[in-house]
Trainee: 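The structure follows.
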Amino acid sequence: MRIATWNVNSLKARLPRVEEWLGYADADVLCLQETKLADKNFPTMAFSALGYDSAPHGNNQWNGVAIVSRVGIQGVTTGFGADTVDPYEGDARLVAANCGGVNVISVYVPNGREVGTEFYERKLVWLDLLHDWITVTYSPTDPVVVLGDFNVAPDDRDVWSTKTFEGSTHVTEPERERIRKLEEWGFVDTFRSLYPDDKLYSYWDYRRGDFHQHRGMRIDLVLATPAVADHVTWSVIDRNGRKGKQPSDHTPVIIDIDWP
DNA sequence: ATGGTAGCCCTGCTA
């Protein structure tokens, strides 16, 4: 089974690229972030024409997530549930479903803007709530994959220049601590686990020609519990998603699992 | 050089 994640920075603007990508990437499950579409505008028909069922979660022209799957989508849920006060209430940043026996969670973690702002503080709370929601919803022995745009580079290997990002969001210790807490519960960073030394990125700022200068960050993560991670046969960051005309500023991250 | 680009609609704000 092939599972992927891609922050598309507007699915409306990126649909031709996503269709093209599905045509060659052969993904069974694709998690999307920054769809920037209300559910009523989600291109369900375009995906069903390619053989995929859709589970979109979007409120308006901002943020928005989705799962599309050709191995089934069952038990779709959105957000942290009615009993939780989401510090980014009104945004659409989490959708979960069971796809072919794997519990898949597509997340778009808040950016946080600047360290010291309320947006940054709320990002940390959001990450705490993600941890809490996962730990009450699943067991570490379940097959679970939480994947998407985490807006956190887990450690210094994951940024092109530590000096450039010093004091910025995405690299602060409190943010990284939240990722480690997810790993302590049971998640494996599947890409890093396979490639301990690779300085490869999933996001490049549109400005300054950052992509072509290899000035990026690895902030799009595929975290899997051992029930899944132990079956990973291959993982890649597909740089093709960032090449050519009208690319997103993120590129897809993929895992293959040997799955029954 | 505190720059630069892309996408949203609100030609400013968010990333």
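Just so it is clear, the model here is predicted, and its values are computed rather than measured. Any value given below was found using the heavy atoms of this structure, including those in side chains, with hydrogens, waters and symmetry copies removed.
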Trainee: Using the C1' atom as the point on both nucleotides, what is the distance between B/dT11 and B/dA6, in whole Å?
Mentor: 15 Å
Trainee: Please report the distance, rounded to the nearest Å, between CD in A/Glu114 and C1' in B/dT2.
Mentor: 11 Å
Trainee: Under 4.0 Å, heavy atoms only, any strand: does A/Arg215 hit a base, just the sugar-phosphate, or nothing?
Mentor: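 Nothing: the residue A/Arg215, judged by heavy atoms under 4.0 Å, touches no strand.
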Trainee: Do the side chains of A/Arg176 and A/Asp156 get close enough for a salt bridge, i.e. N-O under 4.0 angstrom?
Mentor: yes
Trainee: Could you tell me how far apart A/Gln213 (CD) and B/dT5 (P) are, to the nearest whole angstrom?
Mentor: 14 Å
Trainee: When the distance from CD of A/Glu34 to P of B/dA15 is rounded to whole Å, what number comes out?
Mentor: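 Roughly 7 Å, once rounded to whole Å.
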Trainee: Counting the atoms with a prime plus P, OP1 and OP2 as sugar-phosphate, which does A/Tyr203 contact under 4.0 Å by heavy atoms, base, sugar-phosphate, or nothing?
Mentor: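 A/Tyr203: no heavy atom of the nucleic acid under 4.0 Å.
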Trainee: Could you say whether A/Asp205 or A/Asn111 is positioned toward the 5' end of DNA chain B, judged by the nucleotide with the nearest heavy atom to each?
Mentor: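 Result of the comparison: A/Asp205.
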Trainee: Distance check, C1' atoms only: B/dC9 and B/dA15, in whole angstrom units.
Mentor: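 Between the two C1' atoms, the distance is 15 Å.
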Trainee: Look for any protein N or O under 3.5 Å of an N or O in nucleotides 8-13 of chain B and output each such pair with its distance, or none.
Mentor:
from: B/dC8; atom 1: OP1; to: A/Ser10; atom 2: OG; distance (Å): 2.4

Trainee: Here's a test of your reading of the structure: between A/Tyr206 and A/Asn151, which maps to the more 5' nucleotide of DNA chain B?
Mentor: A/Tyr206
Trainee: Round to the nearest Å and state the distance from A/Arg207 atom CZ to B/dG4 atom C1'.
Mentor: 6 Å
Trainee: Tell me the interatomic distance from A/Arg93, atom CZ, to B/dA15, atom C1', rounded to whole angstroms.
Mentor: 10 Å
Trainee: Can you tell me if A/Gln33 and A/Thr5 form a side-chain donor-acceptor pair at under 3.5 Å?
Mentor: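 There is such a pair (donor and acceptor under 3.5 Å, judged by atom type) between the side chains of A/Gln33 and A/Thr5.
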Trainee: What I want to find out is whether A/Arg70 reaches A/Asp28 closely enough, with some N-O distance under 4.0 Å, to be called a salt bridge.
Mentor: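 So A/Arg70 pairs with A/Asp28 through a salt bridge.
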Trainee: Provide, to the nearest angstrom, the distance between the NE2 atom belonging to A/His170 and the C1' atom belonging to B/dA15.
Mentor: 8 Å
Trainee: Between B/dT14 atom P and A/Tyr88 atom OH, what is the distance in whole Å?
Mentor: 10 Å
Trainee: Could you tell me how the ring of A/Trp204 sits relative to the ring of A/Tyr201: parallel (under 30°), tilted (30 to 60°) or perpendicular (over 60°)?
Mentor: perpendicular
Trainee: What pair of heavy atoms forms the shortest contact from A/Pro252 to A/Gly241, and how long is it?
Mentor: CD-CA, 3.8 Å
Trainee: Does atom CD (A/Glu114) have a neighbourhood of more than 12 heavy atoms from anything else shown, all under 6.0 Å?
Mentor: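 Result for CD/A/Glu114: open.
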Trainee: Within a 6.0 Å radius of atom CD on A/Glu173, are there more than 12 heavy atoms belonging to other residues, nucleotides or ligands?
Mentor: yes
Trainee: Rounding to a whole Å, what distance do you find between A/Arg208:CZ and B/dA6:P?
Mentor: 13 Å
Trainee: Please report whether the ring centroid of A/Trp185 lies less than 6.0 Å from that of A/Tyr138.
Mentor: no
Trainee: Among residues 238-250 of chain A, which contact DNA chain B at a heavy-atom distance under 4.0 Å?
Mentor: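 Residues of residues 238-250 of chain A that come under 4.0 Å of DNA chain B do not exist, since none gets that close.
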Trainee: Checking salt bridge (charged side-chain N to carboxylate O under 4.0 Å, His left out) between A/Arg218 and each of A/Asp158, A/Asp198, A/Asp149, which is the one that passes?
Mentor: A/Asp158
